[in-house]
Number of protein chains: 2
Amino acid sequence: MTIKDIARECGVGISTVSRVLNNKPDVSEEVRKKVLAAVETNGYIPNNSARDLVKSRSDAIGVVVRGTGNLFFSDMLKVIAAEIDRRGYDMILRFLATDEDEVKAGAILEREKKLRGLLFLGGRFNYTPAEMSLIGVPYVCCSYTNSFGTLRESDFSSVSIDDFKTAYEAVSVLIAAGHSRIAAFFDACDDHSISELRYDGYCAALKKNGIPVDPALVVQTGGFEMEDGYRSMKSLIESGAGFTAAFVEADMMAIAAIKALHDCHKRVPEDCSVIAIDGLKLSEYTSPTLTTMIQPGEEIARESVRILMDMIEKGIEGVHLRPEAHLRNGGSVCSRQL
Amino acid sequence: MTIKDIARECGVGISTVSRVLNNKPDVSEEVRKKVLAAVETNGYIPNNSARDLVKSRSDAIGVVVRGTGNLFFSDMLKVIAAEIDRRGYDMILRFLATDEDEVKAGAILEREKKLRGLLFLGGRFNYTPAEMSLIGVPYVCCSYTNSFGTLRESDFSSVSIDDFKTAYEAVSVLIAAGHSRIAAFFDACDDHSISELRYDGYCAALKKNGIPVDPALVVQTGGFEMEDGYRSMKSLIESGAGFTAAFVEADMMAIAAIKALHDCHKRVPEDCSVIAIDGLKLSEYTSPTLTTMIQPGEEIARESVRILMDMIEKGIEGVHLRPEAHLRNGGSVCSRQL
DNA sequence: AACGTTTCCGGTAACGTTTCCGGAAAGAAT
DNA sequence: ATTCTTTCCGGAAACGTTACCGGAAACGTT
């Protein structure tokens, strides 16, 4: 069942059928009705690859993701998928191992599938303009490190919170509550990722308040999984390093870290205050409710897609959104008696 | 940059280039090397839509999902996506509203995209053979109700736990601990979904032990979100209905329900035991650790894809996997003092 | 009556592949 | 020397669509 069959059945030319299928002008109302009826009764469905071939572009968006551990990304991915779907585009998803080159992967995907746009989610992003020029469609970096070096800002878009500032504020909350021995948990501290920015924010907040950064209190978890948070907290406790508060860079890890504290017979927040970043709906329902910096994850995901669509359909230049993270005052932080 | 350019550059015919690109025989080693080199230096990337058009099939799998609320599905979706990706196929994702027809959506997708297979995730499934005949590629129903009525079992595959049995066992655990006033929380009880099967399992376990089903203790949450669990538990408590235990059909809702109990100054498990179904990694890290029936979600997702691939590539008949759910003995259930 | 204009439509090339088929060249068997 | 295989290769049709172009018919306008 092709466009040709419909044309024959209606006694019209195939270009006429094509016109009504694409809502183009130059076709009488009478013929349009007839064609539409034939399409309906025959259950005709256009062949997308033929269309893509002649137009030499598809209606697909490529999404390349690195680091699937973090639930925050899972949530965003769901919104991104739904949002792309809702706008009538297809999503081609590509998961990358940590050692793969996301730009090269994106460029290949773009050409193979004749993508309309690309969305990068998570991961590092220290590419040069030369490398980025490999990709020839609009793209947005979603929840990436926000230091894009020498890249021309009008060439692409990005959406993410200010990770430095958010970490700075979170740590400041602990300091304001009287804490100075503040442990901190990051995926990694020197990999050009958002984790590094958050680490910088942590250090800055301490320094600003005259507190030295104690390397013994900085833990690299090596991931965003709950296990990573649990294990890291456990081993910090066992190391004997004294601390009265902890800053954890992701809710999921914080929940696991709290479990580790409980398992070591430490109360939260009485024996150790905990603050995190993410603001998952989930962490509202733990006991105590997690005190955390809420990232507007849904907004970030939705806006990323919207901006990408605007670049594709309206040809606008790149925009760089920095939505605010704001404090959720849960029950996992308390003032330290001085 | 097309196959034609490569052919010209190498001084060979385009069919020869096509042959080396597809690892077909009938090409000398010398020519193969030359072509491969030209492909490499020119960064040639084949056009997928052209290929799909002539072969009249793509390398894509359609995944249609209904009910995105449940985290359990999110987790599975991630595995499914990674698994499809890993095997070199593309995934076309379609989210459906609860009132949409998943089979019709799948059939359209299949023809538009020339899919190789279809995977249905979650939702109801009371279709007739006539309706199912709309879809012309292998398909597997993943985590669906396992009552497929009149459908011929060899025509399709399915993978999911036995929801009736799992619910039966969970409720039996509570009864064995001495409980008889057992509240229960389901998305819905009469919609041909897994929820209905679980409700049936709940009733059967009670009856088996001579306990009458008290409608006042059966709550329809109208969803799988945490809010649904919280709200439902709250209103049950406020209704004044007496109960010493609760069976909740999903971990996420159970966590929220426990929060509601806490907020009403009831201790878990001392004042109310809670058991659930899902076994999310997450619910190991709550306090108390959730007692729940662990669904092998990763296995379900992985096996679903594997089976679908076997049907596609090896032409095997439909298989129906019923992996076992097994109890995780957490800390949210305790014996009732008699 | 002759001449624009507008409205509608069909023929056809093109998109970049794969696949079929025929054939040249080289080697083996008679 | 002839014929028969085998190995390798190129030409060309086909996949189903879109877009361009040219033209017929209908309708004004002078």
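Here is the naming used below: chain letters follow the sequence lines, and residue numbers restart at 1 for every chain. Everything numeric here is computed off the predicted structure, so don't read it as measured data.
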Considering only nitrogen or oxygen atoms on both sides, find all protein atoms under 3.5 Å from nucleotides 18-20 of chain D and state each distance.
residue, atom, partner, partner atom, Å
dT18(D), OP1, N22(A), OD1, 3.3
dT18(D), OP1, N22(A), ND2, 3.1
dT18(D), OP2, S18(A), OG, 2.7
dT18(D), OP2, N22(A), ND2, 3.4
dA19(D), OP2, K24(A), NZ, 2.5

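Along DNA chain D, the nucleotide nearest V12(B) and the nucleotide nearest P46(A) are compared for position; the residue whose nucleotide lies closer to the 5' end is V12(B).
For the pair K4(A) NZ and dT12(C) C1', the computed distance is 11 Å after rounding to whole Å. Per the geometry, CG belonging to D59(B) stands 14 Å off C1' belonging to dT18(C), to the nearest Å. In this structure, R111(A) places its CZ atom 14 Å from P of dG16(C), rounding to the nearest Å. The distance between atom CG of D26(A) and atom P of dC21(D), rounded to the nearest whole Å, is 14 Å. Remark: P of dC8(C) and CD of E30(A) are 11 Å apart, rounded to the nearest angstrom. Whole-Å rounding puts the E112(A) CD to dG16(C) P distance at 16 Å. In this structure, K34(B) atom NZ and dC9(D) atom P are separated by 9 Å, rounded to whole Å. Look at CZ on R8(A): it is 13 Å from P on dT17(D), rounded to the nearest Å.
Residue contacts for P25(B): at a heavy-atom cut-off of 4.0 Å it reaches no nucleic acid atom on any strand shown. Within the nucleic acid shown, N47(A) comes within 4.0 Å of sugar-phosphate atoms alone, with no base atom in reach, counting heavy atoms only.
Using a distance-only test at 3.5 Å, with no hydrogens or angles considered, no donor-acceptor pair links the side chain of E153(A) to the main chain of V319(A). Side-chain N or O atoms of E112(A) include none that pairs as donor or acceptor with a backbone N or O of L109(A) at under 3.5 Å. In this structure a side-chain-to-backbone donor-acceptor pair under 3.5 Å is present from S58(B) to K114(B). With hydrogens and angles ignored, the 3.5 Å screen pairs a side-chain donor or acceptor of N47(B) with a backbone N or O of S49(B).
Using a 4.0 Å cut-off between a side-chain N of Lys or Arg and a carboxylate O of Asp or Glu, D52(B) and R57(B) do not qualify as a salt bridge. A salt bridge between E30(B) and K34(B) is absent, with no side-chain N of the basic residue lying under 4.0 Å from a carboxylate O of the acidic one. E299(B) and R302(B) are not joined by a salt bridge, as no carboxylate oxygen comes within less than 4.0 angstrom of a charged side-chain nitrogen.
Exactly one residue among R51(A), R87(A), R116(A) makes a side-chain contact (heavy atoms from CB on, under 4.5 Å) with D59(A). That residue is R116(A).
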Enumerate, atom names and distances included, each donor-acceptor pair closer than 3.5 Å involving a side-chain atom of residues 90-97 of chain A, sequence neighbours excluded.
residue, atom, partner, partner atom, Å
D90(A), OD2, K113(B), NZ, 2.4
R94(A), NH1, D85(B), OD1, 2.8

Practice problem: State the dot-bracket string of DNA chain D. Criteria: Watson-Crick or G-U wobble, both atom distances under 3.5 angstrom; notation: ( ) intrastrand, [ ] crossing earlier pairs, | interstrand, . unpaired. | Solution: ||||||||||||||||||||||||||||||

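Minimum atom distance to the side chain of Y44(A) is reached by dT17(D), of the listed dT17(D), dC9(D), dC9(C).
Of the side-chain N and O atoms in S28(B), one or more sit less than 4.0 angstrom from OP1 or OP2 of dC9(D).
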